[in-house]
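Following: one structure in structure tokens, then a few remarks.
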There are 2 protein chains.
Amino acid sequence: MSKIRTFDMHKFLPYLLNQASEKSGLAFERHYKARYGMLRAEWRVMFHLGSFGSLSATDITFRALMHKTKISRAVRALELKGFLKRARQKLDRRSESLQLTALGFRAFEKLRIVAGEFDKEICKGLPEADLMVLRKCLSKLAKN
Amino acid sequence: MSKIRTFDMHKFLPYLLNQASEKSGLAFERHYKARYGMLRAEWRVMFHLGSFGSLSATDITFRALMHKTKISRAVRALELKGFLKRARQKLDRRSESLQLTALGFRAFEKLRIVAGEFDKEICKGLPEADLMVLRKCLSKLAKN
DNA sequence: ATGTAACAGTTGTAATTGTAACTAACAAGA
DNA sequence: TCTTGTTAGTTACAATTACAACTGTTACAT
């Protein structure tokens, strides 16, 4: 039985991406889970608000590739923890501008440091040149 | 306020990995969902059995980085669809060897072709040299 | 052989999630 | 003003999932 022209699943990009993503995602999860009782969705919302500043829920939907109900619930959870405050937009009262509170930002800053160490750790063993290529490819794949 | 030594989250690998993984995973989902009513967990189990041959549920747990209850239920779903059969191991009657049926393998073969096209599509625009680096890095990240 | 611990896989239950339907706010043409 | 259509975000409910407790099997020291 010939395997000619048969696609090799070991090279299937969605598979490789998922493996790598799950591995690192699971490993990092314990940091925000243990310290702040946050779910992954909450961490992602905090990550976006901390990194990009004030955003609306819809903004986060597109940036984080998460469903709007998931975001709605994560926002409420963060709000209940006192990590986030919302403010109705004056110009369009349908949408609200989300922002980390001082408390939320302190938590984000702590996690940012942990994230930096974590990132350094998992990048160990990969040449800097490869990392540049890797980041470039991942950004492209996420956009398209 | 100085940003010196502050980690740039845009380069945070778990974030980039998740973005790229979600994007491609969501896009490919419709193929097995629409044609075979399979969930992502089911597709992953089928993927592993189709690619690597006969495996036990525990094998898949480690290879696919999925929780064992998720696998247990995916296996049952595939079994009900007639895509998979199980056989108790003679030597260790706790574990069972899972294998695609002829029907299951035909479905896998069809999806494999779709996967090949899908993969080609999302790789478009990335130089072959970069893809080699990308795959190498992803494999390493998944192992560690 | 017997007790204890480890392991493969399943199931009950509670938490999380997705889908579709909803409310409230805007927009723009008749 | 009064539709009609769109958008931001929420909620009800059903589907999916995780966690812990469970059954049945094996390993192995006593």
Side-chain angles (χ1 to χ4, degrees), chain A residues 18 21-23 25-30 32-34 36-46 48-49 54-81 84-99, chain B residues 18 21-23 25-30 32-34 36-46 48-49 54-81 84-99:
Chain A
N18 180 70
S21 171
E22 267 307 294
K23 193 82 174 190
L26 278 173
F28 188 67
E29 189 170 52
R30 67 186 186 83
Y32 50 80
K33 208 168 195 174
Y36 303 104
M38 283 161 62
L39 298 177
R40 225 187 266 203
E42 292 167 52
W43 157 242
R44 292 208 183 123
V45 168
M46 175 181 271
H48 283 266
L49 292 176
S54 172
L55 296 170
S56 75
T58 302
D59 291 337
I60 301 179
T61 299
F62 290 111
R63 286 172 181 266
L65 301 178
M66 286 164 60
H67 196 271
K68 62 180 181 173
T69 63
K70 213 167 172 177
I71 290 175
S72 171
R73 282 153 178 155
V75 165
R76 181 165 46 196
L78 288 171
E79 192 180 27
L80 288 173
K81 289 186 175 79
L84 169 156
K85 62 176 183 298
R86 45 220 301 175
R88 284 271 165 215
Q89 299 280 12
K90 295 245 166 90
L91 289 171
D92 183 343
R93 299 187 341 94
R94 284 174 303 183
S95 88
E96 44 196 14
S97 131
L98 306 171
Q99 204 170 341
Chain B
N18 180 68
S21 170
E22 267 307 294
K23 193 82 175 188
L26 277 173
F28 188 67
E29 189 170 51
R30 67 186 185 82
Y32 51 80
K33 210 169 194 173
Y36 304 104
M38 284 162 62
L39 298 177
R40 226 188 267 203
E42 292 168 53
W43 156 242
R44 292 209 183 123
V45 169
M46 175 181 272
H48 282 267
L49 292 176
S54 171
L55 297 169
S56 75
T58 302
D59 291 336
I60 301 178
T61 299
F62 289 111
R63 287 173 181 266
L65 302 178
M66 287 163 60
H67 196 271
K68 63 180 180 172
T69 63
K70 212 167 172 177
I71 290 176
S72 171
R73 282 154 178 155
V75 165
R76 181 165 43 194
L78 288 171
E79 193 180 27
L80 288 174
K81 289 186 176 79
L84 168 157
K85 63 177 183 296
R86 47 223 298 178
R88 284 271 164 217
Q89 299 279 12
K90 295 246 165 92
L91 289 171
D92 184 342
R93 301 188 341 96
R94 285 173 302 184
S95 87
E96 43 195 15
S97 131
L98 306 171
Q99 203 169 343

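The chains referred to below are lettered A, B, ... by the order of the sequence lines, with proteins before strands, and numbering in each begins at 1.
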Original post:
If the sugar-phosphate is the primed atoms plus P, OP1 and OP2 and the base is the rest, what is the B/S/- string for nucleotides 10-15 of chain D, using protein heavy atoms under 4.0 Å?
Top reply: BBBB--
Write down the distance between [atom1] ([X]) and [atom2] ([N]), rounded to a whole number of angstrom.
| X | N | atom1 | atom2 | value |
| --- | --- | --- | --- | --- |
| A:L26 | D:dT17 | CG | P | 14 Å |
| A:Q89 | D:dA8 | CD | P | 11 Å |
| B:K70 | D:dC19 | NZ | P | 11 Å |

Original post:
A:R86 side chain to A:S97 main-chain N or O, any donor-acceptor pair under 3.5 Å?
Top reply: no
Original post:
Do you know which two heavy atoms are closest between A:L55 and A:R63, and how far apart they sit?
Top reply: CD2-NE, 3.8 Å
Original post:
For A:K33, which contact category applies under a 4.0 Å heavy-atom criterion: base, sugar-phosphate, or nothing?
Top reply: sugar-phosphate
Original post:
Are A:S56 and A:D59 linked by a side-chain donor-acceptor pair shorter than 3.5 Å?
Top reply: yes
**OP:** Under 4.0 Å from any heavy atom of chain A: name the first and the last nucleotide of DNA chain C that qualifies, 5' to 3'.
**Re:** C:dT16 to C:dC26
Original post:
If each of A:A41 and A:L91 is mapped to the nucleotide of DNA chain C with the nearest heavy atom, which maps nearer the 5' terminus, i.e. the 5' end?
Top reply: A:A41
Original post:
Taking the inter-plane angle between the rings of B:Y32 and B:W43 on a 0 to 90° scale, is it parallel (under 30°), tilted (30 to 60°) or perpendicular (over 60°)?
Top reply: parallel
Original post:
What about B:R93: does its side chain form a donor-acceptor pair under 3.5 Å with the base of D:dT25?
Top reply: no
Using a 4.5 Å cut-off on heavy atoms from C-beta on, say whether the side chain of [Y] contacts that of [X].
| X | Y | value |
| --- | --- | --- |
| A:L26 | A:E29 | yes |
| A:L78 | A:M38 | yes |
| A:I60 | A:L49 | yes |
| B:R73 | B:L39 | no |

